[in-house]
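Structure record follows, encoded as C-alpha cells.
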Protein chains: 2
Amino acid sequence: MARAGVTVERLTLAAAELADEVGVENVTVAALARQFGVKDASLYFHLKNAHELRVRIALLALAELADRVAAALAGRAGKDALVAFANAYRDYAREHPGRYAAMQIDLDPETAAASAGVRHAEMTRAILRGYRLSEPDQTDAVRMMHSTFHGFVSLEKTGGFRHTPRPTDDSWSRTLDALDAVLTNWPSR
Amino acid sequence: MARAGVTVERLTLAAAELADEVGVENVTVAALARQFGVKDASLYFHLKNAHELRVRIALLALAELADRVAAALAGRAGKDALVAFANAYRDYAREHPGRYAAMQIDLDPETAAASAGVRHAEMTRAILRGYRLSEPDQTDAVRMMHSTFHGFVSLEKTGGFRHTPRPTDDSWSRTLDALDAVLTNWPSR
DNA sequence: GGTAGTAGCCTAGCCACCCTAGGCAAACCA
DNA sequence: TGGTTTGCCTAGGGTGGCTAGGCTACTACC
C-alpha cells in the first residue's frame, strides 16, 4: 500500500489549477482523487468536505492576488497606482478564471477576517491617499472602485459586453480615466 | 395515471422561486419533480436537461428586470433616470437573489441576442441621452455603468462590504452621485 | 362515436459525485 | 522492538442527472 504523498497544500494547488481549466463548479473531490491516483474516500482524511476545497481555492487566490497587487503598487501613487492596481486585478482574473470565480464565494466572517482580503482593503485605501478623501467618502470610494473592477471583469468574462464591437481593453482604460476623474473631483453632498 | 399538468412555463416559474429560496446551484430537476408530485424522469419530457432549466430562469429574470426598469424609467431623464434605473436594478437583485444569480450564467450568443438583454442595453443608452455623450464614449460609459451596478450588487450580496460598518445604502447613493458626476463631465482623451 | 396517434406520465437502471464507517499497513517514535 | 499515528483502502448508502422503453389518458379525425 504505497503512499501517494497527498497534502492539503498539494490538493489546494491542484484544485486551483483544475478550477482554471474546467471551472470551479467542476472541481470535484472525485476528479482530484483520480489526479492523485487515490480513491476519493481517502481525500476526506485531508479534507472535511467538498466545500472546504472551494474555500481553500478562494483563500489561495486572495493571497496570490494580494501579492500581485502589492508588487504592482510598489513605488506608485495617484492615478499611476490606480491603474496598476486595476490592471493587476483584471489580469489575474483573466489568467485564473477559476480561482477568480472561487474568490466570490461567501466566506464566513472569521475566515474572511483571517484571509488576505484585509490586505486588499488596506491597499485600496492606500491608493486613495493620493486623492485626499476623508471618511465617509473614502469608504464610499473604496466600494465604488471595487464594484467597478469586479463588475467590469465579471461582465467581460460572462460575455456581457459581446454585443458591441468596441474592444473591451479600450473601454477598460477609459473607465479607469473616468474613475480617476471622479476620485479627483469627488462630489460633495 | 392522473396528469400533473406540468408545462415548461410552470416549471420555469417554480424553478425561479426555488432559486430565490435556496440558490440557483440547488435548483435541481429532482427537487422540482418532487414539488410537482412527479418522478424526475418525467420532467425530461418537458426539458432537455438541467442546464436548460437554469437558462430559462435567466431569461425569465432578464425579462422581469427589463419590465421593472422600463417602468422605473418612464417619464424620467438625466440623473433622475440614472437613479431610477440603478435602484430598480439593485432592488430586483435583492428581492430575487436566485434569479439574479441565474442571470449571470453564460448564454450562448443566439439565445442572448433573442433575450431581454437587448432591451437592457437600449434602456441604458437611453439614459445616456441626458448626458450628451457620443461614440465611442457612450459605449464606454454604458459599460462602466453596468459594471458599477453589477459589481456593487454582487459584492454587497457576497458580503464584500461587511468589514466596514458604513451602511451600504449610503455608499450606494454616493456612488450614484459620483457616477452622475463623471457622466456629466466625461473626461476627454 | 370508435379509433389512431400523440402527449404525459411511469419504472428500471446506469453513472457520477459526496460522504461515513471501519480496516490494515507503512512510517515514526520511544 | 513494539506501540501509535498516519495515510490509504474497501464497502456501502444517499442524491442527482439522464436514457430507454412501456403504459395510459387525452385529442382529433373519419
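Per chain, numbering begins at 1; letters A, B, ... match sequence-line order.
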Look for any protein N or O under 3.5 Å of an N or O in nucleotides 4-7 of chain C and output each such pair with its distance, or none.
from: C:dA7; atom 1: N3; to: B:R3; atom 2: NH2; distance (Å): 3.3

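In this structure, OH of B:Y44 is placed 15 Å from C1' of C:dA12, rounded to the nearest angstrom. When the C1' atom of C:dG13 is taken as reference, atom NZ of B:K39 falls 14 Å away, rounded to whole Å. Straight-line distance from the CG atom of A:L43 to the P atom of C:dT20: 13 Å, rounded to whole Å. For B:R54 and D:dG17, the CZ to C1' distance is 10 Å, given to the nearest whole Å. Straight-line distance from the CG atom of A:D40 to the C1' atom of D:dT10: 11 Å, rounded to whole Å. We find that CG of B:L32 is positioned 17 Å from P of D:dT15, with the value rounded to whole Å. What separates CG of B:L47 from P of D:dG17 is a distance of 11 Å, to the nearest Å.
When the nucleotides C:dT11, D:dG17, C:dC17 are ranked by their closest atom to the side chain of B:A30, D:dG17 comes out on top. Distance from the side chain of B:A50 is smallest to D:dC18 among C:dC18, D:dC18, D:dG16.
The side chain of B:H51 contributes no N or O atom lying less than 4.0 Å from OP1 or OP2 of D:dG17. For C:dG8, the OP1/OP2 oxygens have no side-chain nitrogen or oxygen of B:S42 closer than 4.0 Å. At least one side-chain nitrogen or oxygen of A:H46 sits closer than 4.0 Å to the OP1 or OP2 atom of D:dC8.
Other residues, nucleotides and ligands contribute only 12 or fewer heavy atoms inside 6.0 Å of the CZ atom of A:R129.
Residues B:Y89 and B:H120 have side chains that never bring a donor and an acceptor to within less than 3.5 angstrom of each other.
Counting any heavy atom pair closer than 4.0 Å across all strands shown, B:N49 reaches sugar-phosphate atoms only and no base atom. Nucleic acid contact class of A:A41 (heavy atoms, under 4.0 Å, all strands): base.
The hydrophobic cluster around A:V118 extends to none of the other residues, as no ILVMFWY side-chain heavy atom falls under 4.5 Å of it.
With sequence neighbours excluded, no residue satisfies side chain to side chain donor-acceptor pair (under 3.5 Å) with A:R10.
B:D106 and B:R54 are not joined by a salt bridge, as no carboxylate oxygen comes within less than 4.0 angstrom of a charged side-chain nitrogen. A salt bridge links A:R94 with A:E156: at least one charged nitrogen is closer than 4.0 Å to a carboxylate oxygen. Between B:D169 and B:R90, at least one side-chain nitrogen of the basic residue sits less than 4.0 Å from a carboxylate oxygen of the acidic one, meeting the salt-bridge criterion.
Across residues 10-29 of chain B, B:T28, B:V29 each have a non-hydrogen atom less than 4.0 Å from an atom of DNA chain D (numbered order).
Applying the ring-ring contact (aromatic ring centres under 6.0 Å, His included) test to pairs two or more places apart or on separate chains, those with a residue in residues 62-85 of chain B are B:F85-B:F149.
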Give every donor-acceptor pair under 3.5 Å between a side-chain atom in residues 29-42 of chain A and any protein atom, sequence neighbours left out.
from: A:S42; atom 1: OG; to: A:K39; atom 2: O; distance (Å): 3.3

